[in-house]
S.K.: 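Shown below is the structure under consideration.
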Amino acid sequence: MSELTDPIRRFIADSINSVAQLEVLLLLKQDPQRAWNAEEVARSLYTGETLIAAHLADWAARELVAPLPDQPGFYRYAPSSTALAELVDHLAEAYKVRRVSVITEIYSQPVDKVRTFADAFRLRKGEQK
């Protein structure tokens, strides 16, 4: 694979704000039968639980992981369509063999999109936790 395909580039542009977010998805993809919560993912990826919880919720909203109704706070890799699953398979392969290209694509996004994502974690004056 010499370059990233257009579908992978579009998926990154539309769905991925950070390498951490991508790595959450790829971790769950490795074992689709396993149920994960934010604490377990954070421990596996050596990062903060709050950020991971946001990534899991985002992937659930994008129909790539599914929350488990009988286990609140737990998720499994469960793309809503075969096409989406195949796209993630191609992205995982690209990340394996063209890691720098994928990372460059993630961080070459417009600043406004990244800023909007970061703003979601800021408390505004007058807001409470």
Side-chain angles (χ1 to χ4, degrees):
M1 178 181 290
S2 61
E3 288 189 29
L4 301 179
T5 64
D6 285 340
I8 289 174
R9 287 177 192 269
R10 278 192 302 277
F11 181 74
I12 290 170
D14 293 343
S15 305
I16 301 175
N17 296 305
S18 69
V19 172
Q21 183 184 20
L22 171 60
E23 289 189 350
V24 168
L25 179 64
L26 297 181
L27 178 66
L28 272 67
K29 179 188 176 312
Q30 287 176 2
D31 188 358
Q33 298 308 309
R34 180 174 174 184
W36 294 83
N37 67 14
E39 179 184 356
E40 294 168 338
V41 174
R43 193 170 38 246
S44 292
L45 297 178
Y46 305 101
T47 191
E49 189 176 331
T50 302
L51 182 61
I52 296 302
H55 290 322
L56 288 169
D58 184 57
W59 286 128
R62 295 174 189 278
E63 300 183 335
L64 281 159
V65 304
L68 302 181
D70 58 336
Q71 292 179 288
F74 281 81
Y75 297 83
R76 280 198 183 118
Y77 179 72
S80 62
S81 70
T82 303
L84 200 49
E86 289 174 359
L87 183 58
V88 175
D89 288 344
H90 293 299
L91 176 57
E93 181 63 24
Y95 191 58
K96 189 184 305 181
V97 298
R98 305 277 306 161
R99 186 174 305 257
V100 172
S101 295
V102 172
I103 292 169
T104 300
E105 192 70 27
I106 290 169
Y107 290 113
S108 68
Q109 297 178 56
V111 173
D112 287 343
K113 183 176 178 186
V114 175
R115 184 176 298 126
T116 299
F117 180 75
D119 285 347
F121 294 96
R122 289 197 188 139
L123 290 177
R124 306 234 190 301
K125 186 176 181 178
E127 292 182 6
Q128 296 181 7
K129 287 187 178 181

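If you read the sequence from its start, that first residue is 1, and numbering goes on from there.
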S.K.: For a quick test of reading the model, state the closest non-hydrogen atom pair linking S44 to L27 and the distance between them.
M.R.: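 S44 and L27 have their closest heavy atoms at CB-CD2, 3.8 Å.
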S.K.: Hey, could you give me the OG/CG distance between S15 and L25, rounded to the nearest 0.5 Å?
M.R.: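 Answer for the OG-CG pair, S15 versus L25, is 9.5 Å.
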S.K.: With rounding to the nearest 0.5 angstrom, report the CD to CZ distance, E105 to F11.
M.R.: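 Those atoms lie 13.0 Å apart.
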S.K.: Under the criterion side chain to side chain contact (heavy atoms under 4.5 Å, CB included), I'd like the reasoning laid out for Q30 against Y77: C-alpha separation, chi angles, the key distance, then a yes or no.
M.R.: CA-CA 9 Å; Q30 287 176 2; Y77 179 72; over 6 Å; no
S.K.: How long is the span from the CG atom in N17 to the OH atom in Y107, to the nearest 0.5 Å?
M.R.: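 Reported to 0.5 Å precision, the distance equals 9.0 Å.
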S.K.: Look at R9 together with E3 and state whether they make a salt bridge at an N to O cut-off of under 4.0 Å.
M.R.: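 Judged by the 4.0 Å cut-off on N to carboxylate O distance, R9 and E3 do form a salt bridge.
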S.K.: Closest heavy-atom contact between L68 and A35?
M.R.: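 For L68 versus A35, the nearest heavy atoms are CD1-CB, 3.3 Å.
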S.K.: Mind checking whether E40 and R43 have side chains closer than 4.5 Å, heavy atoms only?
M.R.: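 E40 vs R43: side chains touch.
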S.K.: Is there a side-chain contact between L64 and L28 (heavy atoms, below 4.5 Å)?
M.R.: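 No, their side chains stay 4.5 Å or more apart.
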S.K.: According to side chain to side chain donor-acceptor pair (under 3.5 Å), who are the partners of Y95, at least two apart in sequence or on a separate chain?
M.R.: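 Scan of Y95 (side chain to side chain donor-acceptor pair (under 3.5 Å), adjacent residues dropped) gives E23, R99.
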S.K.: Which heavy atom of E63 sits nearest a heavy atom of L84, and at what distance?
M.R.: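 What the structure gives for the nearest pair is O-CD2, 3.7 Å.
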S.K.: How far does CG of L87 sit from OG1 of T5, to the nearest 0.5 angstrom?
M.R.: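 So the CG of L87 and the OG1 of T5 are separated by 7.5 Å.
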S.K.: Closest heavy-atom contact between A94 and I8?
M.R.: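 Smallest interatomic distance, heavy atoms only, reads CB-CD1, 4.1 Å.
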S.K.: Nearest 0.5 Å, please: how far is CD1 in I106 from OG in S101?
M.R.: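 Between S101 OG and I106 CD1, I get 11.0 Å after rounding to 0.5 Å.
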S.K.: So, the side chain of R76 versus the backbone of Q33: is there a donor-acceptor pair under 3.5 Å, distance only?
M.R.: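 Yes; at least one donor-acceptor contact below 3.5 Å.
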S.K.: Would you say that V88 contacts K29 through its side chain, given a criterion of any heavy-atom pair below 4.5 Å between the two side chains?
M.R.: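 V88 reaches K29 side chain to side chain.
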S.K.: Side-chain contact test, heavy atoms from C-beta onward, threshold under 4.5 Å: evaluate it for L91 versus I16 and give yes or no.
M.R.: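 With C-beta onward as the side chain, the pair touches.
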S.K.: Just to verify, what does R10 make a side chain to side chain donor-acceptor pair (under 3.5 Å) with, not counting sequence neighbours?
M.R.: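 None.
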S.K.: Mark yes or no for whether Y75, through its side chain, and A38, through its backbone, hold a donor-acceptor pair below 3.5 Å.
M.R.: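 No, Y75 side chain to A38 backbone: no donor-acceptor pair under 3.5 Å.
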S.K.: Passes side chain to side chain contact (heavy atoms under 4.5 Å, CB included), Q21 versus D58? Steps please.
M.R.: CA-CA 9 Å; Q21 183 184 20; D58 184 57; 2.6 Å; yes
S.K.: Looking at residues at least two apart in the chain, or sitting in another chain, which of them share a side chain to side chain donor-acceptor pair (under 3.5 Å) with R34?
M.R.: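 For R34, no residue satisfies side chain to side chain donor-acceptor pair (under 3.5 Å) once neighbours in sequence are set aside.
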